[in-house]
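Everything below concerns the one structure shown next.
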Amino acid sequence: MKSFTAMKFAAIAAAGALALTACGGSGEQGAAGGGDEPVKIGISQFVSHPSLDAVVTGFKAGMEEAGYTGEKISYDENNAETDQATNTSIAGKLAADSDIDLVLAVATPSAQAAAQAITNVPVLFSAVTDPVDAKLVASNEAPGANVTGTSDMNPVDEQLQLLKDLVPDAKKVGIVYSSGEANSAVQVKMAKEAAKGLGLTIEEAAVSASSEVQQAASSLDVDAYYVPTDNAVVSALEGLLQVAEKNKVPVISADGESVKRGATATYGINYEKLGEQTAAMAVKLLKGEAEPATMPVETISEVDLYLNEDAAKKAGIEFTDEMKSEAVEVY
């Protein structure tokens with residue numbers, strides 16, 4: 001594992017409490033499930049793809065590890081499949097369910113819809129890159145309302161440095177991103193800043209839907225691609241990978257699951273671990289040991305190296321023995 005605790009992506013330390021209440025109205029928020037009473041958790045997931053699915057898998061595993069098994073817990077699982085109207089409808093449905101004790105919102109659009117509609121129970125988000133920019137929390141240290149969770153802020157600097165290490169002669173890096181995802185704009189900005197010190201320039205192509213990803217990738221004449229934690233792009237990753245393979249250029253992804261699917265490499269987040277970390281926060285809220293308003297947003301403090309040898313060969317790259325020994329997964 002490669003720690004980046006000293007970087008700005010390190011786990012956010014606990015901070016002082018705000019004087020705000022955990023939600024508008026009830027002072028009992030977070031107390032549900034504190035005893036032996038069964039709890040019900042609503043899940044709002046923006047789209048199905050391996051990284052977000054892994055968050056839910058990890059969350060359930062974490063809840064089970066904490067003793068929430070069998071009749072002690074039930075889930076109302078919902079998936080918008082990128083449809084914003086459905087996303088809004090899911091949030092409204094969960095808000096109206098008086099039996100819900102906590103809501104898990106997976107990915108920024110789902111978190112935004114849930115935060116707007118749900119005020120009477122804790123909303124825990126996960127796989128949100130910049131909660132402040134997405135207007136989900138007042139600050140990462142002191143969220144200030146009934147919403148908190150885990151961020152998947154990824155080490156863009158290290159990921160682009162990895163690209164440069166693999167392709168020293170690379171000059172232009174292509175990024176396809178969704179114009180409708182706040183997370184993506186943040187990561188493109190970060191990539192541009194990181195690129196300056198590496199002798200790289202960023203070529204970008206925005207899409208409004210997953211169906212446009214392959215064509216957008218084809219429109220870029222670049223030496224490599226960088227795939228941010230963009231739900232629209234990751235859900236259509238195979239289209240971008242086909243373009244990269246045709247052009248014999250590598251793809252650096254922001255997460256390990258994408259490397260498993262065919263990206264070349266990354267220093268990335270383990271999304272199942274992120275889900276487990278979110279579950280640990282949920283347990284504290286359900287037992288009344290914490291309040292969302294004063295529970296800091298958390299991030300993964302370590303990233304793992306993931307490598308795909310087949311993808312590397314297609315791009316004319318060979319991993320060193322040192323890299324392969326460091327990697328947690330070599331596909």
Side-chain angles (χ1 to χ4, degrees), residues 47 49-51 82 154-181 183-185 187-268 305-320 323-324 327 329-331:
V47 63
H49 63 64
S51 297
T82 74
N154 52 299
V156 178
D157 300 66
E158 287 193 345
Q159 290 164 346
L160 289 185
Q161 179 63 63
L162 175 62
L163 188 159
K164 193 69 174 178
D165 291 343
L166 293 172
V167 191
D169 295 333
K171 298 296 182 186
K172 294 187 292 182
V173 179
I175 300 181
V176 178
Y177 71 100
S178 172
S179 57
E181 288 197 38
N183 283 346
S184 303
Q187 291 173 84
V188 171
K189 182 179 179 180
M190 291 171 63
K192 287 181 176 179
E193 286 298 315
K196 292 177 183 178
L198 296 171
L200 297 170
T201 57
I202 301 298
E203 303 287 336
E204 56 189 279
V207 299
S208 58
S210 297
S211 58
E212 301 171 6
V213 169
Q214 186 168 12
Q215 183 177 353
S218 297
S219 71
L220 299 174
D221 181 15
V222 293
D223 304 311
Y225 289 96
Y226 174 70
V227 179
T229 55
D230 183 300
N231 294 295
V233 178
V234 173
S235 63
L237 181 64
E238 282 69 25
L240 185 147
L241 293 176
Q242 288 176 18
V243 175
E245 182 178 343
K246 178 181 177 181
N247 295 330
K248 297 182 179 180
V249 299
V251 177
I252 302 299
S253 62
D255 66 282
E257 288 292 335
S258 292
V259 176
K260 185 177 181 179
R261 292 166 66 189
T264 310
T266 192
Y267 279 118
L305 177 61
Y306 298 84
L307 305 174
N308 188 314
E309 287 196 293
D310 288 339
K313 289 176 182 177
K314 292 173 183 177
I317 294 171
E318 186 173 346
F319 298 127
T320 64
M323 290 185 71
K324 286 188 281 189
E329 293 286 353
V330 181
Y331 302 108

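Predicted, not measured: the structure shown is a model, and the values here were computed from it. These values consider heavy atoms only, across backbone and side chains, with no hydrogens, waters or symmetry-generated copies.
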Check [X] against [Y] and note the closest heavy-atom contact, atom names and distance.
X      : Y      : value
Tyr331 : Val259 : CD1-CG1, 3.9 Å
Val207 : Glu212 : CA-OE1, 3.4 Å
Lys164 : Leu198 : CE-O, 3.2 Å
Leu240 : Ala217 : CG-CB, 4.0 Å
Leu163 : Ala224 : CD1-CB, 3.7 Å
Ser51  : Asp255 : OG-OD2, 2.7 Å

Would a 4.5 Å heavy-atom cut-off, applied to side chains only, mark [X] and [Y] as touching?
X      : Y      : value
Asn308 : Lys260 : no
Ile252 : Leu160 : no
Val176 : Leu220 : yes
Phe319 : Glu309 : yes
Thr201 : Lys171 : no
Lys172 : Asp221 : yes
Ile317 : Leu166 : yes
Thr229 : Val234 : no

Checklist entry - In a check of side chain to side chain contact (heavy atoms under 4.5 Å, CB included) between Ile202 and each of Lys189, Glu193, Lys196, Lys192, which one passes? => result Lys192
Next on the checklist: With side chain to side chain contact (heavy atoms under 4.5 Å, CB included) as the criterion, how do Ile175 and Val222 come out once you've worked through the C-alpha distance, each side chain's angles and the decisive distance to 0.1 Å?
Outcome noted: CA-CA 10 Å; Ile175 300 181; Val222 293; over 6 Å; no
Under 3.5 Å side-chain donor-acceptor pair for [X] and [Y]:
X      : Y      : value
Asp157 : Gln161 : no
Tyr226 : Gln159 : yes
Tyr177 : Glu204 : yes

Item to check | Audit row: Val227, Leu237, side chain to side chain contact (heavy atoms under 4.5 Å, CB included) steps and yes/no | outcome: CA-CA 9 Å; Val227 179; Leu237 181 64; 4.1 Å; yes
Checklist entry - Measuring from Leu162:CG to Leu305:CG, what's the distance to the nearest 0.5 Å? => result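 The distance works out to 6.5 Å.
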Item to check | From NZ (Lys324) to CG (Leu307), nearest 0.5 Å | outcome: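 One finds 9.0 Å between NZ of Lys324 and CG of Leu307.
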Checklist entry - Does Lys313 pair with Glu318 as a salt bridge, N-O distance under 4.0 Å? => result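 Answer for the salt bridge query: no.
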Checklist outcome for this item: side chain to side chain donor-acceptor pair (under 3.5 Å) with Asp230: of Ser210, Ser235, Ser184, only one passes, and it is Ser184
All N/O donor-acceptor pairs, side-chain side in residues 242-251, below 3.5 Å, sequence neighbours left out:
from: Gln242; atom 1: OE1; to: Gln214; atom 2: NE2; distance (Å): 3.1
from: Asn247; atom 1: ND2; to: Val243; atom 2: O; distance (Å): 3.3

Checklist entry - Is the side chain of Ser253 donor-acceptor paired with the backbone N or O of Thr266 at a distance under 3.5 Å, no angle test? => result no
Checklist entry - Heavy-atom count around Glu238 CD within 6.0 Å, excluding the residue itself: above 12? => result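 Enclosed: over 12 neighbouring heavy atoms sit under 6.0 Å from CD of Glu238.
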